[in-house]
Each structure stands twice: as C-alpha cells, then as structure tokens.
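Below: the structure, in structure tokens.
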Amino acid sequence: MSAQRKTLIQNFVSLSVVQGLSILFPLITFPYLIRILGIEGFGFFSLVQTFIMYFDLLVSFGFGLTATKRISANILDELMIKRIIVAVYIIKAFLFTISLVIFIACSFTAYLKGHFYLLPLASFYLLGNMLFPDWYFQGIQKMRNITFVTLISKAISLLLIILLVKEKTDIEYAVIALSAGNMIAGIIAMVLMLKNLNKSFVKPDIFFVKELFYESLYVFISIILVPLYSSVNIFILRFFTNSLMVGYYAVAEKILNAVGMLASIINRTFYPYLSQLYIISLELYKKNIQRLLLIIGSVFFVLAAMQFSGATIIIKFLMGKDHGDISYAVTLLKIMSIALPFSPFVSFFFQLMIIQGQKKESAVNIGITGFVNIITASIFTYFWSAMGLAVNLCVMMIMLCLLNRRSFFRKIQLLN
C-alpha cells in the first residue's frame, strides 16, 4: 500500500470517528438535559446553541477550505505555512471580537431576560473555535490529531454536564460544560500545532492578510447561505401549517442530513490531497476526480435505495411507538431519498471550485439557489404542505448540484 493511500485511509477513519462523536454526543446529552432542565430550560439552552452555530461559522470563516488549501499547496514551505497560520489567527481574533460584542449586546434582549449571562458564557465556546487549528491539521493531512482532541472535548463536556447539571435552574452549567470542552480542545490542539513547528513565526504583511480575508469571505458567504435558507424553509412551513408538520419534516430532514455526513467525511479526507494534485498534475487531478465521482455516486445511490425501502423501519426506530401515525413522516423521508444521490455532489463540486479558484461563482450559485428556494418553497408549501417542501428540497438540491457541476467543468475545459 502506498504512503499516500495509507494517509487517506487514516484520515477517512479519523474523520469518521469525529462525525460519529458529533452524532453520539447529542443522543446522550439531549435526553438528559430535557429531563433535568425541562422544556423551557432546554429552550433557552437551544437558543444559545443556535447562536453558537451561526457565530461558529463566522469565526471559522471558511478557513477549513481556504487555509487548508494554502497549507496543502505549500506543504514543503514552512515559512509560508507559518505566515498563513499567523494571518488566520489575526482574522479569527478580529471575528471573535465582533462575535463577543454581539453576544454581549444580545444578552440584554427581552427573550433572555433573567438569563443575560448565558451568551457571554457561550462566547468561551467560540474562543475554543478561534484557537482550534483544524484547518492546519487538514492541510498537513494529519487528521488523527483532530480525532484525539474532539474525543477529549466531548468527554469533558459530557462529564461536566453530568456533574454540574442537577436542577432546572442549572442552564448556565450546561452552557459552561459545552463551552469548557470546546475551549480546552482548542488549547490542546493549538499546543499540538506549536509542537509540530519551530518556535519562530513569520509576521505576514497587511496585503497577505487582506488577500486571505477576501478569499475566505466568498467561501464563508457560500457556506452560511445553506443553513440560512434551510432555516427559512422551516419558518415557511410553520407559517403555512402547524407544529406537527414541522416536527414530521424536521425528523425526515435530520435523517437525510445524518446520512449525508458521509459525504462530508469523504470531502474533508480528499480535499487536501486534491488541492496538491491540482498544482502538481492536472491529469492526475482529473483522473482522481473521475474515480471519486464513480465511487461517491455508487455509494449514495445504494444509500438512497436503502433509505427509501427502509423508511418505515428508520422512522419507527427513531420516533418509537408512542407517536401515533408515522406514515406522513415515512412519506416525507421517501420523497427526500430522491435528493440523497445528489447531496454529496453539491459539496464535492463546491470544494473542487474552491480548489480551482472559483469562489465568486460558488457564492453566486448558492445565492441563485437560495433566491429561487424562497419562491418555490412558499408555493410548494402553500399547496402541498410538508410534502411540497420535501419536493422543493429535492428540486433545490438537484439545481445546486447541476449549477456547481456546470461551473466546475467549464473551468476544466478552460484549463485544457
């Protein structure tokens, strides 16, 4: 087995463990928190998590793609890698400061009355994100470090939740537990990175920092638009229907997203490798992409067939027997199965476009899809309720996949 193939397999396994922990952790903690905090308390906790999710994307700022690409392209140039690292931390520190100010300002809103301290406590979670150099480990293709640190983070958070959250009023302890685990993980990961480098660092000039900022800005816009219009769809569904329909749709969509996590693992595994090939050999780059397209397409076609045929079993297992008629949720999941073979290629072509310097085009493609989505989601939901929204999800997934595919192959033809 070649050294490169061995590295790819190790990275795939490492990222699979990370994604597995990301799924397992909520399955353990959420039932516990709901039971201890109650519905209202858990609602406050969920609000904080929602804030964290969006500002986590802001502090990350697309560096998982842009900084990873730059590091992998300069894998033998330690001075350039150090310049990239310092530039990334300068930008992330700036974005963290903005997030902290917004967190403090939002703490005094009416909804958080009596719980104004929750968001400042949650800012420590973002501090962990700012410190965590996952983009560095992906760039040098040593993702075992990410697995190691993620495992420690989840274990610390779980232990603190069990030890500290004992009563309904312990919402702040739940936030502290979540934040502490992530902050400690960020510190440990940063220490591991520093051990891997010489002590001296290279100060980047202002033009280099600006260049990296604007390069990542387009990627950030592209990344954040997807969860934004996904949230809009839930709002549209609630506006035209009721909470029951939203519940059925949310269950089916979460199953679809969980299966789709496999695509994220594949993309993150091969992204640094393809970034290097793009510079070294265009022919090898294209050959590897052709192989991956065939493998990913075959795997997700089989997964879609399994999800469609096993929809009833999956829904029964997740919802249990105490939720009455589950046939509507089963139908929604079957409809969404149509989108599954296309879902991995949305992100796959998106990452290839980033490698090929098509950041503006990727943002335009997602912007067009988001704009069309608002119109079609409203129409489909008005006439066909949650089923209409499920159909709309499939249409938008296919549309974005085809747009990204067209942009990718257009650039390949120009390079040829």
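Just so you know, residue 1 is the first one in the sequence shown, and it goes up from there.
A salt bridge links K82 and E78; the closest N-O separation between the charged side-chain nitrogens and carboxylate oxygens is under 4.0 Å. Between E215 and K360, no side-chain nitrogen of the basic residue sits less than 4.0 Å from a carboxylate oxygen of the acidic one, so the salt-bridge criterion is not met.
Counting only distance, with no hydrogens or angles, the side chain of K69 and the backbone of I355 share a donor-acceptor pair below 3.5 Å. With hydrogens and angles ignored, the 3.5 Å screen pairs no side-chain donor or acceptor of S153 with any backbone N or O of V149. Using a distance-only test at 3.5 Å, with no hydrogens or angles considered, no donor-acceptor pair links the side chain of S264 to the main chain of G260. The closest donor-acceptor contact from the side chain of D56 to the backbone of I52 lies at 3.5 Å or more, if one exists at all. Within the 3.5 Å criterion, the main-chain N or O of L121 finds a donor-acceptor partner in the side chain of S179. One N or O on the side chain of S347 and one on the backbone of P344 form a donor-acceptor pair closer than 3.5 Å. Checked by atom type and distance alone, the side chain of Y125 never pairs as donor or acceptor with a backbone atom of L178 at under 3.5 Å. One N or O on the side chain of S222 and one on the backbone of A363 form a donor-acceptor pair closer than 3.5 Å. At distances below 3.5 Å, not a single donor-acceptor pair connects side-chain atoms of N74 with backbone N or O atoms of D77.
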Quiz item: Going through the checks in order, is the side-chain hydrogen bond (donor to acceptor under 3.5 Å, both in side chains) test met by N392 and T381?
Solution: CA-CA 9 Å; N392 178 75; T381 306; over 6 Å; no
Exercise. Could you check F300 against F342 for ring-ring contact (aromatic ring centres under 6.0 Å, His included), going step by step and ending with a plain yes or no?
Key: CA-CA 8 Å; F300 274 82; F342 297 91; over 10 Å; no
Self-check item: Verdict with supporting geometry, T376 and V395, side chain to side chain contact (heavy atoms under 4.5 Å, CB included)
Solution: CA-CA 9 Å; T376 55; V395 173; over 6 Å; no
Self-check item: Step-by-step salt bridge (charged side-chain N to carboxylate O under 4.0 Å, His left out) determination, R406 to E361
Solution: CA-CA 11 Å; R406 184 189 65 173; E361 283 188 63; over 6 Å; no
Self-check item: Verdict with supporting geometry, Q141 and Q276, side chain to side chain contact (heavy atoms under 4.5 Å, CB included)
Solution: CA-CA 11 Å; Q141 298 191 56; Q276 290 178 3; 3.5 Å; yes
Self-check item: Working for side chain to side chain contact (heavy atoms under 4.5 Å, CB included), residues I354 and S362
Solution: CA-CA 8 Å; I354 301 303; S362 65; 4.1 Å; yes
Quiz prompt | Criterion side chain to side chain contact (heavy atoms under 4.5 Å, CB included) on Y278 and L415, from CA distance to verdict | solution = CA-CA 11 Å; Y278 182 70; L415 292 172; 3.6 Å; yes
Practice problem: Check the pair W135, Y89 against ring-ring contact (aromatic ring centres under 6.0 Å, His included), reporting the backbone distance first and the verdict last. | Solution: CA-CA 11 Å; W135 37 271; Y89 275 116; 5.7 Å; yes
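T369 approaches M396 most closely through the heavy-atom pair O-SD, 3.7 Å. In terms of heavy-atom proximity, G62 sits nearest to I223 at CA-CD1, 4.0 Å. Nearest heavy-atom pair, G181 versus I156, reported as atom, atom and distance to 0.1 Å: CA-CG2, 4.0 Å. Nearest heavy-atom pair across I75 and G139 is CD1-O, 3.9 Å. Residues L333 and A252 share a closest heavy-atom pair of CD1-O, 3.8 Å. Taking every heavy atom of both residues into account, L212 and I84 meet most closely at CD2-O, 4.3 Å.
Atoms NZ and CZ, on K203 and R83 in that order, are 12.5 Å from each other to the nearest 0.5 Å. Annotation: the span from N257 atom CG to S343 atom OG amounts to 8.5 Å, rounded to 0.5 Å. With rounding to the nearest 0.5 angstrom, the CD1 atom of I98 is 12.5 Å from the CG atom of L126. Rounding to the nearest 0.5 angstrom, the gap separating the CG atom in N182 from the CG atom in L131 is 9.5 Å. How far CD1 of I412 is from CG of L282: 5.5 Å, rounded to the nearest 0.5 Å. Expressed to the nearest 0.5 Å, how far CD of Q307 lies from NZ of K334 amounts to 11.5 Å.
For CE of M306, the number of neighbouring non-hydrogen atoms (other residues, nucleotides, ligands) closer than 6.0 Å is 12 at most. Within a 6.0 Å sphere centred on OH of Y382, other residues, nucleotides and ligands contribute 12 heavy atoms or fewer. Atom CZ of R70 has more than 12 heavy atoms from other residues, nucleotides or ligands within 6.0 Å. Under a cut-off of 6.0 angstrom, the local environment of CZ in F208 is crowded, with over 12 non-hydrogen atoms contributed by other residues, nucleotides or ligands. Within a 6.0 Å sphere centred on OH of Y54, heavy atoms belonging to other residues, nucleotides or ligands number more than 12.
Classified by interplanar angle (parallel below 30°, tilted 30° to 60°, perpendicular above 60°), the ring pair Y328/Y248 is tilted. Taking the six-membered ring where the residue is Trp, F408 and F349 present tilted rings, their angle falling between 30° and 60°.
The side-chain heavy atoms of Y271 and N267, taken from C-beta on, include no pair separated by under 4.5 Å. Contact annotation: the side chain of E253 approaches that of I234 to within less than 4.5 Å [non-hydrogen atoms, C-beta and beyond]. Side-chain contact between I85 and M193 is present, with heavy atoms from C-beta onward closer than 4.5 Å. Residues L292 and L274 form a side-chain contact, since some pair of their non-hydrogen atoms from C-beta on lies under 4.5 Å apart. Contact annotation: the side chain of N288 approaches that of Y273 to within less than 4.5 Å [non-hydrogen atoms, C-beta and beyond]. You'll find the side chain of L389 reaches within 4.5 Å of the side chain of Y249, heavy atoms only. Using a 4.5 Å heavy-atom cutoff, the side chains of L403 and M399 are in contact. Annotation: side chain of L160 is not in contact with side chain of V165 (no heavy-atom distance under 4.5 Å).
With 3.5 Å as the limit, one finds a donor-acceptor pair spanning the side chains of S60 and N129. Side-chain N/O atoms of N373 and N233 include a donor and acceptor closer than 3.5 Å. A side-chain donor-acceptor contact under 3.5 Å links Q356 and Y285.
Just one of F348, F350, F345 meets the side chain to side chain contact (heavy atoms under 4.5 Å, CB included) condition when paired with N404; it is F350. With F213 as the partner, the ring-ring contact (aromatic ring centres under 6.0 Å, His included) test is satisfied by one option alone out of F61, Y218, F220: F61. Partner Y136 forms a side chain to side chain contact (heavy atoms under 4.5 Å, CB included) with one of N196, T68, V88 and no other, that one being N196.
A cation-pi arrangement is not found for K142 relative to F137, the charged atom failing to lie both closer than 6.0 Å to the ring centre and inside a 45° cone about the ring normal.
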